[in-house]
Amino acid sequence: MNYQQEIVRALQAACPLEEKELRDMLAVPPDPAMGDYALPCFRLAKTMRKAPPVIAQELCAALEKPACVERVEAVNGYVNFYLDKDGFSRSVLEAAEASPRFGSSEEGRGKTVCIDYSSINVAKPFGIHHLPSTAIGNSLGLIYRYLGYHTVSMNFLGDWGTQFGRMIVAYKKWGNREQVEHEGVKALVALYVRFHEEVDAHPELADEGRAWFKKIEEGDAEARQLFDWFKEITLKEVSRVYDKLGVTFDEYQGESFFANKTDQVIAELEEKHLLSDSDGAKVVFLEEEKMPPCLFVRSDGATLYVTRDIAAAFWRKEHYHFDKCLYVVAYQQDLHFRQWFRVVEKMGYDWAKDLVHVSFGMVSMADGAMSTRKGRVVLMEDVLDNAVEKVDEIIRQKNPNLENREEVARQVGIGAVLFSVLYTNRIKDTVFCMDNVLNFDGETAPYAQYTHARCCSVLRKAANFSFEGESDLSALNNPEAQAVLRAIDAFPAAVREAAARYEPYLVSRQVIEICKAFNKFYYEQRILDCPDAQARARLRLTRAACAVIRQGLALLGIQSPEKM
RNA sequence: GCGCCUGUAGCUCAGUGGAUAGAGCAACGGCCUUCUAAGCCGUGGGUCCUGGGUUCAAGUCCCCGCAGGCGCGCCA
């Protein structure tokens, strides 16, 4: 852990540079054959008035080798440091064994992070396009908690707006209770679609929709009852899907909860002279910040989405005193968030800087965008069920005697789906492809889970072997074992970085690194068939890899079966 | 028109300004009497969108373009 520090100190004694400068310059070579750390000397050429290779050579000669370093070499203007392997092995194993929560920390102690994610809409299908937000938000919550933060996960339901008036119209005209009770959201969506088909020919339907929404707002008994019923039906269905995904929320407060809190927001905006009239509507101009105006109140007096967003932010700040509030929402809403974050700042709240839009790319289908109205939606649940079913078949084929097959199929199938959106940078658009999601080879969750199961299998075989006693660390003095150790060593930094950048894929990548290294180690080196002291060293490595893979997957919301 | 984002192998993507640009998938070829072959090894495959600039060093930073996606007051 402090190797870098020791090397910097040694370098500092040998040359006239500042500690900080040296620390910044010290790099990790692209290939372990070139050492564990390296100092490129090119930048020194100007001040020292010598060619970089000469500087490297001289530095190398003048250097007093720190204890952790096995040897130092000057190559092509680099000073390369090779760590003492036994020392490195020991320190990594001890760090990983010190706590079952390797890589966790206390950096977040006393701090609260609110995470707004998934945010499904009432009376709309839970489509695959909700996967990025759901998986990323869930994982960020797990990662922040691992770093000691208190987290509050919130599902900001889309349960407000004139479309609910339209839903009532459609239901009263063409729907019936039995069908909705029986078919659930599917029936509601069919009504919604029918409304949009008929509204072109019958424009008065739109007015009826608005009128019914007004009734909801005013608390009309019938309107309210239907509205609550639609919501209940939707929540029942989505919670079944969340259960399958293993995703939970601390809070389900949606837009409707904040709808009666918008007056205060508008009043405060008025009071602070931020609102201007514009074509009968009320807007906040954002010319200084080179953004289009932000519309708060429609010309008919109704408030818009943004008002509820701000009301919700106030409420959350007041109730949770968050140090950070993350909005895991697609990049289409980038301008929207930039606008209202800025408005909160203009209102004089310095915590506006703690509002973060964690944006991600669009999910589309091979033949174009998804559309509820056109019925072009891939259902989340169908994808999950397909994945589980496919895994179940594979198990029946490869491991027919596996106990609790269905449970394992569930863990692996769901893991594969979650991992498919947690393995890349958030921002890129993705075209949903069932075949890709259901591909379990290579860099996937099943690969990591398989590696974990493999580790477990080895450890089971060694169940009677005592870990107490001498470890011969020379058994790890080979490129394969060293690669595993390096990958484990890099895990804590990957977790920290993932939190800092709101990018769970950094954890995914690191887990895969460990798995690749372990699989190669497993193939090249015998773990059990060797003298006790050596086996002990290799078993400790296996145990450490096993635990870190399991923990890494857990931070992504993915479970690790012990057999598969 | 303006703004934001993206452009790296056939496909999907990694790549804190540093050494020969890497993975996975797909294709082809090897490795199971040995700790789980959902694995491992190998082969082929590149104008890092183009052109300038900064730098000892650019896929990475800056600028002009090109292509695609998204967004730009009465939806959410």
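Worth knowing before you read on, the calculation uses all heavy atoms, side chains too, and leaves out hydrogens, waters and symmetry mates. Per chain, numbering begins at 1; letters A, B, ... match sequence-line order.
One finds no salt bridge joining E393(A) and K390(A) here, because no Lys/Arg side-chain nitrogen approaches an Asp/Glu carboxylate oxygen to under 4.0 Å.
With contacts defined as side-chain heavy-atom distances shorter than 4.5 Å, the pair L131(A)/V363(A) does not qualify. Two residues are said to be in side-chain contact when any heavy atoms from C-beta on lie closer than 4.5 Å; K346(A) and L286(A) meet this criterion.
Rounded to a whole angstrom, the distance from the C1' atom of rC5(B) to that of rC49(B) is 16 Å.
Atom CZ in F337(A) sits about 14 Å away from atom P in rA76(B), given to the nearest Å. Computed from coordinates, the E503(A) CD to rC13(B) C1' distance equals 13 Å when rounded to whole Å. Put simply, CG on L26(A) is 15 Å from P on rG17(B), counting in whole angstrom units. Taking atom CD1 of I120(A) as the reference point, atom C1' of rA76(B) lies 14 Å away to the nearest angstrom. Rounded to whole Å, atom P of rA19(B) lies 11 Å from atom CG of D31(A). E287(A) has its CD atom 13 Å from the C1' atom of rG73(B), to the nearest Å.
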Could you run down the sub-3.5 Å N/O contacts of the protein with nucleotides 39-41 of chain B?
residue, atom, partner, partner atom, Å
rG39(B), OP1, G442(A), N, 3.4
rG39(B), O2', R454(A), NH1, 2.6
rG39(B), O2', R454(A), NH2, 3.3
rC40(B), OP1, Y447(A), OH, 2.7
rC41(B), OP1, K520(A), NZ, 3.2

Distances under 3.5 Å only, N/O to N/O: pair up the protein atoms with those of nucleotides 1-11 of chain B.
residue, atom, partner, partner atom, Å
rC4(B), O2', D334(A), OD2, 3.4

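Residues passing the salt bridge (Lys or Arg N to Asp or Glu O under 4.0 Å) test with R550(A): none are found, sequence neighbours excluded. In this structure R460(A) satisfies the side-chain contact (heavy atoms from CB on, under 4.5 Å) test together with C456(A), S457(A), E562(A), K563(A), sequence neighbours excluded. Residues that satisfy the side-chain contact (heavy atoms from CB on, under 4.5 Å) test with A453(A), not counting sequence neighbours, are M564(A).
Because its NZ or CZ atom is both nearer than 6.0 Å to the ring centre of F257(A) and within 45° of the ring axis, K261(A) counts as a cation-pi partner of that residue.
With a glycosidic angle no further than 90° from 0, rG73(B) counts as syn. Taking the syn range as angles within 90° of 0, the glycosidic angle of rC4(B) is outside it, so the base is anti.
Among the protein residues, L528(A) comes within range of the nucleic acid bases, having at least one heavy atom under 4.0 Å from a base atom. In this structure, M291(A) reaches neither bases nor backbone, as no heavy-atom distance under 4.0 Å exists between it and the strands shown. At a threshold of 4.0 angstrom between heavy atoms, the contacts of P29(A) include nucleobase atoms, whether or not backbone atoms are also involved. Residue contacts for T424(A): at a heavy-atom cut-off of 4.0 Å it reaches the sugar-phosphate backbone alone, with no base atom in range.
Not a single donor-acceptor contact under 3.5 angstrom links the side-chain atoms of S457(A) to the base of rC35(B).
Nearest-nucleotide positions on RNA chain B place Y78(A) closer to the 5' end than the other of V283(A) and Y78(A). The residue among M34(A) and S299(A) whose nearest nucleotide of RNA chain B is located toward the 5' end is M34(A).
Side-chain N/O atoms of K282(A) include none lying less than 4.0 angstrom from OP1 or OP2 on rG73(B).
Using modelled atom types, one finds a donor on one side chain and an acceptor on the other under 3.5 Å when comparing Y331(A) with D429(A).
Applying the side chain to side chain donor-acceptor pair (under 3.5 Å) rule to pairs touching residues 419-428 of chain A yields Y423(A)-E443(A), sequence neighbours excluded.
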